[in-house]
Amino acid sequence: MPDTAEPTVAVIGGSGFYSFLVDPEPVEVDTPYGRPSAPVSVGEVAGRRVAFLPRHGSRHEYPPHRINYRANMWALRSTGVRQVLAPCAVGGLNPTNPPGTMVVPDQLVDRTVGRSQTYMDSGAVHAPFADPYCPVLRRHLADAAPGVVDGGAMVVIEGPRFSTRAESRYYTAQGWSLVNMTGHPEAVLARELGLCYATLALVTDLDAGVSAEESVDQAQVFATFARNIERLKDLLVSTVAALPRRRDCACATWLDGVTLPFELP
């Protein structure tokens, strides 16, 4: 029997995921930080109520540096969500992860500038972030299908431009595996709200520093993502079906005894 309670799991993704939900219903949510990228859609996946939010908007109208990340994460928690799966497109910094590879990163490097990346606008509250992704969600994503790469550092750049070859070579020299434009501040905002959060990264291209002859272009990224959208959906369905309904991690327990400068929704 399908679950008719509030959705406790959410998927943040692109427009290709609208068909991911069965009988989706839009939920309009206002937040103290403005409106989210789009109404939250709530429907069924694997017998569970799941929320979906397109981070770039319903028509892909928001570039990475203009997304209202604070409103998006607040809106999801307001609807009852406590576990967030965040598929995204990434560039590969290592030829061992060619286009089409699925990666579940375990570390994040922030190279963005000017983004509102915290709810802690007063007081002295410091969220732990040594391990930016929920270990339980990561394990289920990594185990959802053969060939998924478990681990790697994802560097998040401001965008919307792609990296120069020199920047890309620098990222590779640091030992980082992936480059992306949207993974931060989503992850840290989720932690501040006590949400479990993990990323499923699809490598759409090898970044400019990997090859002296090739470079990244938008058409290549979109085409690779489109070719792999059904694989992403299947992997996410398997993950949602396997997720425990009771959380057993430290993603929210760090808030115990902490006085926040806001009331959690």
Side-chain angles (χ1 to χ4, degrees), residues 6-13 27-42 51-58 60-86 88 105-135 137 153-161 179-199 247 249-265:
E6 288 185 332
T8 58
V9 180
V11 172
I12 302 178
V27 179
E28 295 281 354
V29 183
D30 288 321
T31 82
Y33 306 95
R35 298 182 67 81
S37 296
V40 178
S41 295
V42 178
F52 171 74
L53 180 62
R55 63 166 63 86
H56 291 283
S58 57
H60 212 103
E61 61 266 40
Y62 299 111
H65 64 299
R66 293 297 187 187
I67 294 170
N68 191 341
Y69 294 97
R70 292 200 295 181
N72 285 353
M73 303 310 292
W74 191 276
L76 290 177
R77 182 174 171 107
S78 297
T79 63
V81 166
R82 296 297 182 266
Q83 297 170 312
V84 180
L85 303 172
C88 63
D106 61 351
Q107 279 296 317
L108 180 151
V109 180
D110 174 26
R111 298 279 293 180
T112 65
V113 293
R115 298 186 184 187
S116 297
Q117 57 178 289
T118 183
Y119 297 107
M120 311 301 179
D121 290 330
S122 62
V125 180
H126 309 282
F129 205 54
D131 298 300
Y133 303 112
C134 172
L137 295 192
M154 183 172 75
V155 56
V156 184
I157 62 175
E158 181 69 4
R161 69 170 178 85
V179 59
N180 166 263
M181 297 180 189
T182 58
H184 186 86
E186 272 186 7
V188 71
L189 294 172
R191 181 62 50 82
E192 289 188 349
L193 293 178
L195 302 177
C196 297
Y197 177 98
T199 290
R247 295 196 289 169
C249 59
C251 297
T253 57
W254 80 271
L255 291 167
D256 295 345
V258 173
T259 301
L260 295 172
F262 56 87
E263 184 175 345
L264 284 169

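Throughout, residue positions are numbered sequentially from 1 according to the sequence presented. Here the structure is a predicted model, which means the values were calculated and not measured.
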Of all the heavy-atom pairs spanning M73 and A190, show the shortest one and how long it is.
CE-CB, 3.8 Å
Any side-chain heavy-atom pair of L260 and L255 under 4.5 Å:
yes
Where do T259 and V125 land on the side-chain contact (heavy atoms from CB on, under 4.5 Å) test, with the steps shown first?
CA-CA 8 Å; T259 301; V125 180; over 6 Å; no
Say you draw a straight line from CG of L53 to OG of S58; how long is it, rounded to the nearest 0.5 Å?
10.0 Å
Hey, are the side chains of V27 and P39 touching, using non-hydrogen atoms and a 4.5 Å cut-off?
no
Which pair of non-hydrogen atoms, one from V156 and one from T182, has the smallest distance, and what is that distance?
CG1-N, 4.0 Å
Can you name the nearest heavy-atom pair linking Y133 to A187, along with the distance?
CE2-CB, 4.4 Å
Is D131 reaching over with its side chain to a backbone N or O of Q107, donor-acceptor style, under 3.5 angstrom?
no
Nearest-0.5 Å distance that lies between atom CG in L85 and atom OG1 in T199:
9.5 Å
Start with the C-alpha gap between R35 and D30, add the side-chain angles, then the distance that decides, and say whether side-chain contact (heavy atoms from CB on, under 4.5 Å) holds.
CA-CA 6 Å; R35 298 182 67 81; D30 288 321; 2.8 Å; yes
Could you check if a side-chain atom of L76 sits within less than 4.5 angstrom of a side-chain atom of I12, using non-hydrogen atoms only?
yes
Which pairs count as salt bridge (Lys or Arg N to Asp or Glu O under 4.0 Å) when at least one residue sits in residues 186-198, sequence neighbours excluded?
R55-E186
Output, in order, the C-alpha distance, side-chain angles, deciding distance and verdict of side chain to side chain donor-acceptor pair (under 3.5 Å) for Q117 and H184.
CA-CA 8 Å; Q117 57 178 289; H184 186 86; 2.9 Å; yes
Spatial distance of atom CG (L189) from atom CG (N72) [nearest 0.5 Å]
9.5 Å
Classify the angle between the aromatic ring planes of W74 and Y119 as parallel (below 30°), tilted (30 to 60°) or perpendicular (above 60°).
tilted
Identify the two heavy atoms, one from P64 and one from P160, that lie closest to each other, and give their separation to 0.1 Å.
CD-CB, 4.4 Å
Heavy-atom distance under 4.5 Å between the side chains of Y197 and C134, does that happen here?
no
Does the side chain of R115 come within less than 4.5 Å of E158's, by heavy atoms?
yes
For W254 and M120, the nearest pair of non-hydrogen atoms, with its separation, is CH2-CE, 4.0 Å
Closest non-hydrogen atom pair between Y62 and H56, with its separation:
O-ND1, 2.7 Å
Would a 4.5 Å heavy-atom cut-off, applied to side chains only, mark E6 and V81 as touching?
no
So NE2 of H65 and CD1 of I67: to nearest 0.5 Å the spacing works out to 10.0 Å
Rounded to the nearest 0.5 angstrom, the CD1-CG distance for I157 and N180 is 8.0 Å
Is there a side-chain contact between C196 and R82 in this structure, where contact means two heavy atoms from C-beta onward sitting under 4.5 Å apart?
no
Mind checking whether Q83 and L195 have side chains closer than 4.5 Å, heavy atoms only?
no
